[in-house]
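Below is one structure; the comments refer to it alone.
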Amino acid sequence: MATPVISTGQSSKVFVPLEIHDLTVAYSKRPVLYGIDLEVPQGSMVGVVGPNGAGKSTLIRAIMDLLPVASGWIQVFGKPFKKSVTRVGYVPQRESVDWDFPVNALDVVLMGRYGRLGPLRRPSKIDKEIAMACLEKVKMHPYATRQISNLSGGQQQRVFLARALAQESDLYLMDEPFAGVDAATEAAIIEILRDLQNQGKTLIVVHHDLTTAPDYFDRILLLNMRVVAFGLTKDVFTFENLQTAYGGRLSILSEVALSRAQKKLEGDTHENISE
Amino acid sequence: MRDQFLPAFSFQNAIIEPWSLYFDSTIWIVTMGFLVAATCGLIGCFIILRRMALVGDAISHSLLPGITLAFLLTNSRDTLPMMIGAIAAGVVTVALIEAIRQSSRIKPDAAIGIVFSSLFAIGVVLISAYADTVDLDAECVLYGEIGWIPLEDRIVLGGHEIGPLPVIRMAVIGLIALGLLLTFYKELLVTSFDAGLAASLGINPGRYQYGLTLFLSVVIVSSFESVGVILVIAMLIFPGATSMLLTDRLPRILWLSAGFSGLYGLLGFHLATWLDASIAGGMTVVAGIIFTLVWILAPKRGLLVKFVFKSHSKGARTSSIETQAG
């Protein structure tokens, strides 16, 4: 196979990082996602929010071409996913891998470089340096040679994040990167995500904490098998929309949290106006 | 019946004589044992990490109808038809397991049990009905015997005799396994650890799963002559499993597996010589003993270390358990 022409920066300006048109995904004929239309602008940080079973992870997996698509199409930077793989970074759910696997933190981060290496090539010294730098960004470099089962949940999540950084992608898909991590790790992760966004990267993050969602993301995708709402957080994160997405399942606790979050959001908007 | 249950151990008979009097057969038998264990062990490391150990067991059993059919169709014991029959059986096994799992509520372990036992039974019926009296001996297929591999056929390369055909063949397959493993190391690593990430990197996990399964069939069929379809699973699992108790770095696990395989070949041969028993059986017993020793005595994670560490940290409570146990 001939080496594909390396895409210049121009294509990212012409094509949005992610465009989904009339997507339906079904597990044994039972639709899990249907009629999904989505256009994610470059440089946005999208929180994917919705109740359990809403198809949040399914959407991520469908974007990565891991699931058969019943109808519709997905384009990543104007191309099918398979032609844009090196531009997509992925952080899977932490429970999706076996942490007893005989590798250390650095090995895991190095895996992020494999997509760029292509077949038959082994990670070079430069790849190792990049991997170490990524570990340093998540403050995990002292643990580089630690076997991954000897890391705490938060540390494991940071290693996954470092691996995504090592992919040096333009679009990041993250499946609940905040699940089961301590407060310090959560703060560290959000800082890194914002940093990525400031570099013009696009992030799509599955998130299930409604109290923090409006603080973290500038756009929200409210999902419940279909797109309930998608857009700027202040437009989408309304009580009506959330009630539509969650149905009767929105507990009183979440409602309280929501009203608090909304007040905070209004406060932010006022601040912005006053600026 | 033997005269005595345990023959007296004679260093002269069990250790010295095989090397002094029968060097030419001993060296090839021990080498063969090492090659079988090392090749199985190498691929076995990935089989264990992918939790495919049961699939390996299933494939090794389903080879029986595959090689029997190949034998009945071609009426020969040539390697090529047997290899094709065995690979076909391996593919059918994996496809059937997947089909049952996906189209019914039967869980994978039960699906594996259903598929391999029925295929194995077909093999038993075929052998006993049509092939028992001829060359294909059920006992040989089931248990194998390194001591019976034909050593007369010597491969000669450039005027130099390099070794008996079956040993050289196993060495070639072992080298191919090593070559493939080194070539596709990073792909095997990432598809084993995180299939989702692999896919996102453009590395198709299904393709490697399939390739590994196919090669597993090749390795099993080239080993069954020596160790049989039942003990081949021991050679697949013991080297990797024992190494994993000692280190948690994959490259070291792979090298250690090769080291253990050498021990199985050597010690298994001498155990079998001493007891006048099956060499494959001896190798597996040695593998079991080494595993048990490592499991108990491993420097970092052995039972003993854990026990001592525990009784140090939680003094009183553990010591009461100790007295109970004693």
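Letters A, B, ... mirror the listed sequences (proteins, then strands); counts begin at 1. Any value given below was found using the heavy atoms of this structure, including those in side chains, with hydrogens, waters and symmetry copies removed.
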Is a side-chain N or O of Q197(A) found less than 3.5 angstrom from the main chain of G43(A), in a donor-acceptor match?
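Checked: pair present.
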Does the ring centre of F193(B) sit less than 6.0 Å away from the ring centre of F101(A)?
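Between F193(B) and F101(A), which both carry aromatic rings, the centre distance is below 6.0 Å.
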Is it the backbone or the side chain of [X] that comes under 4.5 Å from a heavy atom of chain B, or both, or neither?
X: I63(A); answer: neither
X: V108(A); answer: side chain
X: V88(A); answer: backbone

Most contacts with chain B, counted as non-hydrogen pairs under 4.5 angstrom, among P119(A), P102(A), G89(A):
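Between P119(A), P102(A), G89(A), the count favours P102(A).
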Look at P123(A), G112(A), G115(A), A164(A) and state which one has the largest set of heavy-atom pairs under 4.5 Å with chain B.
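So the answer, after comparing P123(A), G112(A), G115(A), A164(A), is G115(A).
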Which atoms of L197(B) come close to chain A, meaning under 4.5 Å heavy atom to heavy atom: side chain ones, backbone ones, both, or neither?
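Contact with chain A: backbone and side chain both.
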With a 4.5 angstrom heavy-atom cut-off, which part of I253(B) approaches chain A: side chain, backbone, both or neither?
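Just the side chain, heavy atoms under 4.5 Å.
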Would you mind reporting whether [Y] and [X] have side-chain heavy atoms less than 4.5 Å apart?
X: L216(B); Y: I220(B); value: yes
X: V205(A); Y: F217(A); value: yes
X: R158(A); Y: T185(A); value: yes

Which atom pair, heavy atoms only, marks the closest approach of L66(A) to A199(B)?
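Nearest heavy atoms, L66(A) then A199(B): CD2-CB, 3.0 Å.
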Least distance between heavy atoms, A241(B) atom then I48(B) atom
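So the two residues come closest at N-CD1, 3.5 Å.
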Going by the rule side-chain contact (heavy atoms from CB on, under 4.5 Å), which residues pair with L42(B) if we only count those two or more places apart in sequence or in a different chain?
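With neighbours one apart ignored, the set is L178(B), L181(B), L254(B).
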Record all donor-acceptor atom pairs with a distance under 3.5 Å between chain A and chain B; write none if the list is empty.
from    : atom 1 : to      : atom 2 : distance (Å)
D98(A)  : OD2    : R51(B)  : NH2    : 3.3
P102(A) : O      : L250(B) : N      : 3.1
D107(A) : OD1    : R249(B) : NH1    : 3.0
D107(A) : OD2    : R249(B) : NH1    : 2.2
G118(A) : O      : K186(B) : NZ     : 2.6
R121(A) : O      : K186(B) : NZ     : 2.9
R122(A) : NH2    : L182(B) : O      : 3.4
R163(A) : NH1    : D194(B) : OD2    : 3.3
R163(A) : NH2    : D194(B) : OD2    : 2.8

When you look at L161(A) and M174(A), which way does the side chain to side chain contact (heavy atoms under 4.5 Å, CB included) test go after all the steps?
CA-CA 9 Å; L161(A) 193 66; M174(A) 306 189 174; 3.8 Å; yes
